[in-house]
Amino acid sequence: MAAIGVGVIGAGPWGLNVARALSRARGARLLGIADLDPDRRARAGAAHADVTLTEDLETLLELPGLEAVAVAVDSPRHHVVAARALRAGRHVLVEKPIATSLEEADA
């Protein structure tokens with residue numbers, strides 16, 4: 001069985017933990033990491049030199065072979081980022097909370 005192509009959105013401390021776990025997970029292949037902050041991208045690149053690093057969510061979502069993403073951004077952005085990834089047809093894992101309101105979670 002081919003490995004599932006995954007990406008991580010957010011390269012803060014938790015996002016780097018998620019990226020490390022995915023890079024070691026059997027059945028997963030870490031393809032890319034997206035973060036707006038250049039210092040965070042640089043830290044991610046030092047740990048994962050073989051993946052695409054981008055500041056642009058759309059670039060990550062368009063990576064060939066990308067099937068799923070883990071969302072590890074600030075909680076207020078969980079809903080908008082996860083919804084965008086879902087609209088792109090990707091499977092999504094969102095760290096808790098999934099959203100900051102019941103309305104966002106329902107959406």
Side-chain angles (χ1 to χ4, degrees):
M1 175 184 278
I4 295 171
V6 296
V8 175
I9 304 167
W14 189 248
L16 291 178
N17 285 336
V18 171
R20 184 184 68 240
L22 288 172
S23 72
R24 296 176 180 173
R26 219 171 357 157
R29 182 170 162 241
L30 182 62
L31 298 177
I33 300 170
D35 197 287
L36 295 172
D37 184 278
D39 292 333
R40 288 182 175 184
R41 285 194 312 276
R43 282 193 297 275
H48 304 283
D50 58 338
V51 306
T52 297
L53 301 171
T54 182
E55 68 180 281
D56 182 52
L57 175 59
E58 297 304 317
T59 299
L60 181 75
L61 294 174
E62 294 173 6
L63 286 176
L66 186 81
E67 298 177 61
V69 296
V71 177
V73 297
D74 295 337
S75 297
R77 295 182 49 228
H78 283 183
H79 172 258
V80 68
V81 171
R84 177 61 197 105
L86 288 168
R87 284 193 306 274
R90 306 300 178 256
H91 300 282
V92 177
L93 170 70
V94 183
E95 67 169 320
K96 63 183 181 182
I98 193 169
T100 56
S101 72
L102 181 58
E103 293 78 18
E104 287 180 351
D106 283 343

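Hydrogens, waters and symmetry mates are skipped; everything else that's a heavy atom, side chains included, is used.
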In this structure, are over 12 heavy atoms from other groups packed under 6.0 Å from Leu86 atom CG? yes
Do the side chains of [X] and [Y] join up, straight or via other hydrophobic residues, at under 4.5 Å, putting them in one cluster?
X     : Y     : value
Val80 : Ile9  : yes
Val18 : Leu93 : no
Leu63 : Val69 : yes
Leu57 : Val94 : yes

Of all the heavy-atom pairs spanning Thr100 and Ser75, show the shortest one and how long it is. CG2-O, 3.6 Å
Can you name the closest pair of heavy atoms from Ala72 and Glu95 and give their distance?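 Taking every non-hydrogen atom into account, CA-OE2, 3.3 Å.
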Side-chain donor/acceptor of [X] to backbone N/O of [Y], under 3.5 Å:
X     : Y     : result
Asp35 : Asp37 : yes
Arg41 : Ala34 : no
Arg90 : Leu61 : yes
His78 : Val73 : yes

Candidates Leu31, Leu60, Leu30, Val51 - the one meeting side-chain contact (heavy atoms from CB on, under 4.5 Å) with Val8: Leu30
